[in-house]
Amino acid sequence: ELDYTVPEEGSIVWFDGWVIPRYAKNKKALYCLYDKRITTYEVPATMTYIDSRVFYYMTNLRAFTVEEGNEWFSALDGILYEGYAPTNYLAIAEIPKGISGVVRIQEGVKSIPMDAFRGCRGIKEVVLPSSVKSIEIHAFASSGLERITLPDSVESIGYAAFSNCESLESVTLGKGVIKIEEQAFAFCNALKTIFIGNNVMTIEKDAFRHCENLTIYCEAVEKPAGWD
């Protein structure tokens with residue numbers, strides 16, 4: 001196993017043919033990191049910014065840690081957050097692509113951001129706190145997710161948020177869901193059941209496209225707008 005810490009000195013470091021970080025001029029910022037052998041990554045105390053896709057191709061990365069003294073990031077259960085729990089502000093910064101099993105998100109997180117779990121093949125279930133209000137674009141797309149229950153606090157499910165989750169079998173949406181965007185669950189061929197509460201107002205085009213084995217249980221009194 002390989003652990004790696006970005007050194008504080010120098011803005012460009014060559015590591016086995018890869019540039020770390022690739023475009024950074026500020027040593028406090030990290031923009032690109034590609035080494036697939038890294039399993040644990042420690043965020044230096046001096047780092048204040050990490051680009052949104054910097055770890056996307058590091059499929060063996062299983063956990064983040066944060067060096068003591070960093071005032072911007074914190075790591076809990078291997079997940080990297082902006083801010084600290086239990087403060088008023090806590091947001092997901094990065095999910096390690098090699099994370100596996102049942103994953104629990106910390107209370108205080110308000111959104112599962114774009115691409116957060118995308119391509120995380122090892123996950124089976126993600127437990128969301130009651131603070132989450134939205135699931136963003138491609139948040140769980142192409143992941144190994146098998147089941148998920150959204151808390152009543154969730155109001156919207158973004159475009160293709162769960163698309164191409166080939167192992168996803170069961171979904172329970174909380175009563176707070178108002179809008180399900182286009183292709184939210186498209187190409188989830190294993191999806192058998194989904195439970196939708198009575199507050200849903202909009203289900204956009206192809207939300208369940210190519211879910212051939214799906215049975216939908218919807219409590220809405222009237223057919224939601226856009227549902228085909």
Side-chain angles (χ1 to χ4, degrees), residues 52-53 56 79 81 88-93 95 99 102-228:
S52 61
R53 293 178 65 85
Y56 186 78
I79 296 173
Y81 293 91
N88 292 328
Y89 177 77
L90 188 68
I92 294 174
I95 303 289
I99 199 168
V102 178
V103 179
R104 297 181 182 276
I105 301 300
Q106 293 295 314
E107 185 69 40
V109 170
K110 295 182 179 180
S111 173
I112 306 302
M114 180 174 70
D115 295 333
F117 287 92
R118 188 174 188 176
C120 293
R121 300 290 187 180
I123 64 172
K124 303 299 181 185
E125 181 179 4
V126 176
V127 180
L128 302 178
S130 59
S131 56
V132 172
K133 293 185 176 181
S134 64
I135 310 296
E136 301 299 333
I137 297 173
H138 294 138
F140 293 93
S142 302
S143 70
L145 193 67
E146 295 179 356
R147 57 195 174 275
I148 190 167
T149 297
L150 303 189
D152 292 342
S153 58
V154 174
E155 299 176 355
S156 63
I157 301 173
Y159 173 83
F162 294 90
S163 63
N164 291 292
C165 288
E166 297 177 353
S167 299
L168 184 60
E169 293 187 0
S170 177
V171 175
T172 301
L173 305 186
K175 296 179 180 180
V177 172
I178 297 172
K179 184 178 183 179
I180 301 174
E181 294 189 13
E182 186 175 346
Q183 296 192 39
F185 295 92
F187 301 100
C188 294
N189 297 322
L191 188 57
K192 297 178 181 178
T193 58
I194 184 166
F195 296 87
I196 303 175
N198 58 8
N199 288 319
V200 63
M201 298 178 65
T202 303
I203 299 179
E204 293 188 351
K205 180 182 178 182
D206 294 331
F208 305 104
R209 184 181 182 185
H210 289 300
C211 295
E212 306 296 341
N213 301 307
L214 176 62
T215 299
I216 300 174
Y217 299 90
C218 184
E219 296 179 349
V221 176
E222 298 182 0
K223 184 178 179 179
W227 194 2
D228 56 2

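In what follows, every heavy atom counts, from backbone to side chain, and hydrogens, waters and symmetry copies are set aside. Just so you know, residue 1 is the first one in the sequence shown, and it goes up from there. Keep in mind it's a predicted model, so treat the numbers as computed, not measured.
Contact detail for T202 and P224: the closest heavy-atom pair is N-CB, 4.1 Å. Nearest heavy-atom pair across P113 and E136 is C-CB, 3.8 Å. Shortest non-hydrogen contact noted between A141 and A160 is CB-O, 3.7 Å. When all heavy atoms of N189 and H210 are compared, the pair lying nearest together is OD1-O, 2.8 Å. Of all heavy-atom pairs spanning H138 and S163, the tightest one is CD2-OG, 4.3 Å. Here the closest non-hydrogen pair linking S142 and C165 is N-SG, 4.1 Å.
Enclosure of atom CD in E166 is not indicated, since only 12 or fewer non-hydrogen atoms of other residues, nucleotides or ligands lie within 6.0 angstrom.
Put simply, the side chain of L173 does not reach to within 4.5 Å of the side chain of V154, judged on heavy atoms. In this structure, I196 and I180 have side chains that are in contact, with non-hydrogen atoms separated by less than 4.5 Å.
A distance of 9.0 Å separates CD1 of I203 from CD1 of I157, quoted to the nearest 0.5 Å. Of the inter-residue distances, the one linking I137 atom CD1 with Y159 atom OH reads 8.5 Å to the nearest 0.5 angstrom. A distance of 12.5 Å separates CD in E155 from NZ in K179, rounded to the nearest 0.5 Å. Residue L145 holds its CG atom at 10.0 Å from OG of S170, rounded to the nearest 0.5 Å.
Only one option out of N213, V171, I216 pairs with L191 in a side chain to side chain contact (heavy atoms under 4.5 Å, CB included); it is V171. Checked options S143, C211, C188; the residue passing with L168 is C188 (criterion: side chain to side chain contact (heavy atoms under 4.5 Å, CB included)). Put simply, the residue from I95, L128, V126 that forms a side chain to side chain contact (heavy atoms under 4.5 Å, CB included) with I112 is L128.
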Could you go step by step and tell me if Y81 and I105 meet the side chain to side chain contact (heavy atoms under 4.5 Å, CB included) rule? CA-CA 10 Å; Y81 293 91; I105 301 300; 4.1 Å; yes
With side chain to side chain contact (heavy atoms under 4.5 Å, CB included) as the test, would you mind laying out the steps for R118 and Y56 before giving the verdict? CA-CA 9 Å; R118 188 174 188 176; Y56 186 78; 3.8 Å; yes
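A salt bridge between E146 and K124 is present, with a side-chain N of the basic residue lying under 4.0 Å from a carboxylate O of the acidic one.
S131 places a side-chain N or O within donor-acceptor distance of the main-chain N or O of V109, the cut-off being under 3.5 Å. In terms of modelled atom types and a separation under 3.5 Å, the side chain of E204 and the main chain of E182 share a donor-acceptor contact. A donor-acceptor contact shorter than 3.5 Å is absent between the side chain of R104 and the backbone of P129. The closest donor-acceptor contact from the side chain of N198 to the backbone of K175 lies at 3.5 Å or more, if one exists at all. At distances below 3.5 Å, not a single donor-acceptor pair connects side-chain atoms of T172 with backbone N or O atoms of T149. Proximity of a side-chain donor or acceptor of T193 to a complementary backbone N or O of T215 within less than 3.5 Å is not detected.
A side-chain donor from one of S134 and S111 sits under 3.5 Å from a side-chain acceptor of the other.
Note: F162 and F140 have parallel aromatic rings, judged against thresholds of 30 and 60 degrees for the angle between ring planes.
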